[in-house]
There are 4 protein chains.
Amino acid sequence: MIIVLKPNITKRQETAVLKEIRKLGYRPHVMRGVARIVIGAIGDERTHQSLETLMTWPQVENVMPVQRRYKLVSREAHPDNSAVPVRNHTIGGKKFHVMAGPCSVETEKQILKTAEVVKAAGATVLRGGAFKPRTSPYEFQGLGEKGLKLLDKARKATGLAVVTELLSEQDADLVAEYTDIIQIGTRNAQNFQLLIAAAKTGKPILLKRGLSMKIEEWLLAGEYVLANENSNLMFCERGIRTFESYTRNTLDLSTIPIIKQESHCPIVIDPSQGAGRADLVIALCKGAVAMGADALLVEVHPHPAEAWSDGAQQLTPEQFARLMHELQPFIRAAGRE
Amino acid sequence: MIIVLKPNITKRQETAVLKEIRKLGYRPHVMRGVARIVIGAIGDERTHQSLETLMTWPQVENVMPVQRRYKLVSREAHPDNSAVPVRNHTIGGKKFHVMAGPCSVETEKQILKTAEVVKAAGATVLRGGAFKPRTSPYEFQGLGEKGLKLLDKARKATGLAVVTELLSEQDADLVAEYTDIIQIGTRNAQNFQLLIAAAKTGKPILLKRGLSMKIEEWLLAGEYVLANENSNLMFCERGIRTFESYTRNTLDLSTIPIIKQESHCPIVIDPSQGAGRADLVIALCKGAVAMGADALLVEVHPHPAEAWSDGAQQLTPEQFARLMHELQPFIRAAGRE
Amino acid sequence: MIIVLKPNITKRQETAVLKEIRKLGYRPHVMRGVARIVIGAIGDERTHQSLETLMTWPQVENVMPVQRRYKLVSREAHPDNSAVPVRNHTIGGKKFHVMAGPCSVETEKQILKTAEVVKAAGATVLRGGAFKPRTSPYEFQGLGEKGLKLLDKARKATGLAVVTELLSEQDADLVAEYTDIIQIGTRNAQNFQLLIAAAKTGKPILLKRGLSMKIEEWLLAGEYVLANENSNLMFCERGIRTFESYTRNTLDLSTIPIIKQESHCPIVIDPSQGAGRADLVIALCKGAVAMGADALLVEVHPHPAEAWSDGAQQLTPEQFARLMHELQPFIRAAGRE
Amino acid sequence: MIIVLKPNITKRQETAVLKEIRKLGYRPHVMRGVARIVIGAIGDERTHQSLETLMTWPQVENVMPVQRRYKLVSREAHPDNSAVPVRNHTIGGKKFHVMAGPCSVETEKQILKTAEVVKAAGATVLRGGAFKPRTSPYEFQGLGEKGLKLLDKARKATGLAVVTELLSEQDADLVAEYTDIIQIGTRNAQNFQLLIAAAKTGKPILLKRGLSMKIEEWLLAGEYVLANENSNLMFCERGIRTFESYTRNTLDLSTIPIIKQESHCPIVIDPSQGAGRADLVIALCKGAVAMGADALLVEVHPHPAEAWSDGAQQLTPEQFARLMHELQPFIRAAGRE
């Protein structure tokens, strides 16, 4: 921790700070600069109390942490890339993956049809929501367990792996029974109880970035998964909330090199949620591939205009087939398969 | 719903839109403007599927909803102010309330001491976290049930009502047993399962605004409470996330007149979380009172520099007493007691 | 400056950093912490090059400045409040001021009428735009010099002081001839050439906060005024751009205590631009008064629905009279006149 | 324009709205929905006053524009891509361009050296700031005219075209004399006087996106250029301001497909300003190429650690050469040369 003192304070005020730093378990180291006194507080910031509390003292101008707060998710702790096993696949290795499917599971016909077309086009994982977090209580809330069973049916019919969202701690075991990857959605990205329950199922976790989550907070949310003895974590960027309203969110593709730099975990990009409009999805996918993403999560629906949720961002099967075709040269250029 | 068509589309493309609108249960009404064809889709937006899915069609430029999506929380549905009964008090009536206490319950001595001083200064509700959502898994996570019991002890000792945060659906009944108001924190503001579980306890709910929640989304999260047959809802503004880093969050005081205009529920302001720094709290409280807030939620700790969480924003007992004193003329000016 | 080195770097890498720090004119001071080596670079950050350039080196993890970059606007440099003389008034002293008038000067009748009514209600300064920065080139761009002359006429007729916006360096002398306060608008808050030209006229400057300006950047923009030998500077908060769309901007009232803490210059609040909707203006004004603002800037128009610009946020004369009446108890409670 | 009335208003209130709509030059068209009365106001929104002023009336709930406000920059007006001639090159055609050079022109040696290395690596345009907008008045403000002359020298020595920023209307002719492209920086993106002065020189304009500019505002700022009879406009995305602090700004790569969709003008990406850190630049460039950008603007400096401005984001010559090499397969995959 670095503590910056205000100018023109008394010796007594300075001494009080030093004493408090020692009391809180750090060793103070004073530097007298030209305009300010700066104190380095030496000690492990992860095991001691934060000194930011000193901000309440009138003689303190600023307190700045020095250490990264995440440990297990960091590349410092694990220099090689982690690869996450998902059924007969590995996400985070040389092979590039595409996860695709409808926003919500609606009917048997809809999910089976979608599973077939996305598989035919080259996807390896089927997405589909059975439990849906909806802004309004009057909107379709998902088919629940029935939806999980339909996903399982589609999985058996096609051999695709399945990713679906978990909304409630109480459903963790149920969802784990039917899915290959548990998705933690953007609204629950700091619902730590849910993260812990999901981690404990042992299933791979796909952790979406919260709508206004800083990179450090996202990594720390991931830390909750690894700290609960589940090392199969994937980060998924899906757009952050900004002032721009042309798109529903602003997809932050710079997270790809950032996550690769800070962490060993795979990074997945969701351009459908990111843009909230189907007409931008293909271009965003190309960017994600070129920048080194490990996988994509893309919404596809047989009839987007009649989708029960988020239709504006879902591709038709034809658009998805075109996407998969157009991605090929970029996947090769990125050195992936 | 209003659907704006692109210029220069074919008659066939226009007809297809009209047909789809009818299929989805609305009655289309065409207006030919000077530059665009605009279609009004007549029907109840709250019971029909959103037509925003039409955005995926190439001939559609824009789709704009017309109705408010919230109902039970709206002033349209309930023109008079609602007042929420909390023990022997009423929040949302003529009397202005102050809820105060530490960020976290730490020790018996700490919580009893704080309860006494805030009561002496005029607070009517004691705040204190027993279950703490922490950004890092290595930070103090709260005392849990033991913390609830200490709150109860302080409640009995002082007669103050208690507000504390609920983090897990599974703890809803436990928390309800010890508290007078259940707080839903900012990170869980769209954890709808938790909102439903909290609502079902029948306890008054204090719903904090999510870090990047639009007003409409906040009202709709509140709608989950009322739709689950709990009418004792209070909204609590605690700062939104913006680009500014001088303060931890940006306290949006304009929510006071907005919530009063859109809803009948009380509005509470939390300037401690809002600013993240104690030196701004008193001024923000004055603003909140003047603008018509129904209550304040203020963090107070016997020794902020040694607080186990969020010390930088907690007032000392002396600062809190000064705050309560300085608020008096503003409470009178606002016509409150 | 504080330089944090990455863990596990070589001695040679560390030495290279120390050498570069010395080369750039600072004296390095090494602290070896438990997890990181931290270097304090001692020297005046305001006269030496920033060391943030060291971020490009692979062995450097972070670089953090220690000093505030503003000097003349800071309270450190000038502990007492500054008061700005405006004709026969002083802004920033015990008397609270209200500046009011239309968004744009439209006609002689409109501006004279408005000047009369705002004066009658208690305003001391007349606002009105003659040069208007408009998002679209097809919108009304202001009457220009003719507008300035109408403002002057209203000034003579009523004795009100005048504040109007300067858009072009080339008009600095012209505008200075007709106005008592030169306003620098939000879009030009970092148009430093314009700030310098305005400062050099010697007129008091009202500097609006840029739409996404951090506090520090705003203070530094003000520093351009004082560094050009004009000490009559007022800061004006007018809302920042956030994700919220219910209001046009988010008025950040916490700037009142912050500017008072960091600077000696007066702070003015513009709730009309801040909210972009007239129905919130009265409540926001009350909050601003209670929190210690020195003045308000409020838009008033005889017929808002027919205003040539920004009608949605302008008060009618009746609403303005009500505002002035309702503000009285809050002005007294704040200890102002 | 669409006007939504509040529920439960009187017939007289409805009639008043219709009368005012007619008075302001539109033809009202009433639709009675299930929950609201909606009025379509038929007329050209670009030549009539905005009806948003009606928001001040108590019976009006919402006013929504229907038309796009930009015309000349829109693809609707000009369906084919525009290509901008820059010396012997064309930007916006099949050939992909890289503009590179230091943040600021510092010395003759520095700019000549950089020009040589970026040319050798394949750049076609040299960037370099002679007039620098700096947050603090105490920072290096650029060499001014001397810097322009050094750019000209480098241009003659290498045959590279030159892009440099214009800061003041008064320097428009001077800058135009020495540069091939005039850059309007992010802080001046809505300095309309500067945009007009730049447009009138007839030189190609590179218009950076303002720090918190919505897409529509950016297009409208571009409209100022085309409306002043200069059709050689390029848009340049350089990151927007968000809550994230890991990067200086958030580079919004979705602007590439959006600008391509809405406008016929070329789109250039500036990843150096976008990220504010050199370690992310290469990945961001790859994404930009894959998504269809027409050119890149990249900062390169012989010794970034000693740069006089913004060193943290500048590449070394070696890093730039590597970038140009690694981009090749993505340029081919994108179908560019």
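Numbers restart at 1 for each chain; the letters A, B, ... are given by sequence-line order, proteins then strands.
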Greatest number of heavy atom pairs closer than 4.5 Å to chain D - which of B/Arg32, B/Arg241, B/Glu76: B/Glu76
Heavy-atom pairs under 4.5 Å with chain D, option from B/Asn62, B/Val34, B/Val38, B/Ile42 with the top count: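 Highest number of pairs under 4.5 Å: B/Val34.
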Qualifying residue for side chain to side chain contact (heavy atoms under 4.5 Å, CB included) with D/Val66, from B/Met31, B/Glu61, B/Arg36: B/Arg36
Portion of B/Asp44 that has a non-hydrogen atom of chain D nearer than 4.5 angstrom: both
Option among D/Asp252, D/Thr255, D/Thr186 that satisfies the side-chain hydrogen bond (donor to acceptor under 3.5 Å, both in side chains) test with D/Arg209: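 Going through the options one by one, the only one that passes is D/Asp252.
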D/Arg68 with D/Glu262: basic N within carboxylate O range, under 4.0 Å: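 Answer for the salt bridge query: yes.
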Donor-acceptor under 3.5 Å (D/Ser74 side chain, D/Ala77 main chain): yes
